[in-house]
A.B. asks: 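Below you'll find the structure I mean.
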Amino acid sequence: MDNTLYNILYKLSNELDTKDPESTNFILSAYLLKNFATISEVSIYDIAAECNVSRSTIRRFAK
């Protein structure tokens with residue numbers, strides 16, 4: 001596994017460990033980790049709908 005992928009997985013896992021389970025960051029992190037293998041096939045619209053957040057929220061989270 002390359003370093004970039006490891007860092008992404010680490011940061012997502014860290015969000016799960018440190019955030020409130022009802023927070024947007026926790027919800028997005030959990031979704032992305034759960035669907036990591038197929039995430040390249042999913043659009044930002046799909047993620048927004050599944051997590052009940054806006055596309056802007058996903059963009060902010062990704063930064």
Side-chain angles (χ1 to χ4, degrees):
M1 182 178 317
D2 74 44
N3 244 2
T4 304
L5 184 57
Y6 175 77
N7 287 337
I8 292 170
L9 291 172
Y10 176 80
K11 288 178 181 181
L12 290 173
S13 295
N14 190 48
E15 291 290 319
L16 294 181
D17 291 341
T18 61
K19 302 295 181 190
D20 175 29
E22 295 181 17
S23 75
T24 302
N25 284 359
F26 184 95
I27 293 167
L28 286 169
S29 295
Y31 177 85
L32 293 172
L33 284 170
K34 180 179 177 185
N35 298 289
F36 197 78
T38 59
I39 205 68
S40 64
E41 302 166 7
V42 180
S43 74
I44 193 170
Y45 295 97
D46 296 329
I47 297 170
E50 288 288 324
C51 295
N52 296 315
V53 299
S54 69
R55 290 175 294 138
S56 297
T57 299
I58 297 170
R59 287 189 190 102
R60 283 191 298 274
F61 175 80
K63 288 183 178 185

A.B. asks: Can you give each donor-acceptor pair under 3.5 Å made by side-chain atoms of residues 56-63, sequence neighbours left out, with the distance rounded to 0.1 Å?
C.D. replies:
unit_1 : atom_1 : unit_2 : atom_2 : d
T57    : OG1    : S54    : OG     : 2.9
T57    : OG1    : R60    : NH2    : 3.2

A.B. asks: Could you walk me through whether L12 and L16 pass the side chain to side chain contact (heavy atoms under 4.5 Å, CB included) test, one step at a time?
C.D. replies: CA-CA 7 Å; L12 290 173; L16 294 181; over 6 Å; no
A.B. asks: Suppose we screen for side chain to side chain donor-acceptor pair (under 3.5 Å). Which residues come up paired with D46, at least two apart in sequence or across chains?
C.D. replies: S43
A.B. asks: Can you tell me which residue among V53, I39, N35 is in a side chain to side chain contact (heavy atoms under 4.5 Å, CB included) with I47?
C.D. replies: I39
A.B. asks: Which pairs would a plain distance check flag for residues 20-28, meaning a side-chain donor or acceptor within less than 3.5 Å of a matching protein atom at least two apart in sequence or in another chain?
C.D. replies:
unit_1 : atom_1 : unit_2 : atom_2 : d
S23    : OG     : D20    : O      : 2.9
S23    : OG     : F26    : N      : 3.2
N25    : ND2    : E15    : OE1    : 3.4

A.B. asks: Restricting to side chain to side chain donor-acceptor pair (under 3.5 Å), what partner residues turn up for Y10, sequence neighbours left out?
C.D. replies: none
A.B. asks: Can you tell me how far the SG atom of C51 sits from the CG atom of L32, to the nearest 0.5 Å?
C.D. replies: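 C51 SG to L32 CG: 7.0 Å, rounded to 0.5 Å.
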A.B. asks: Could you state the interatomic distance from CG (N14) to CG (L9), rounded to the nearest 0.5 Å?
C.D. replies: 12.5 Å
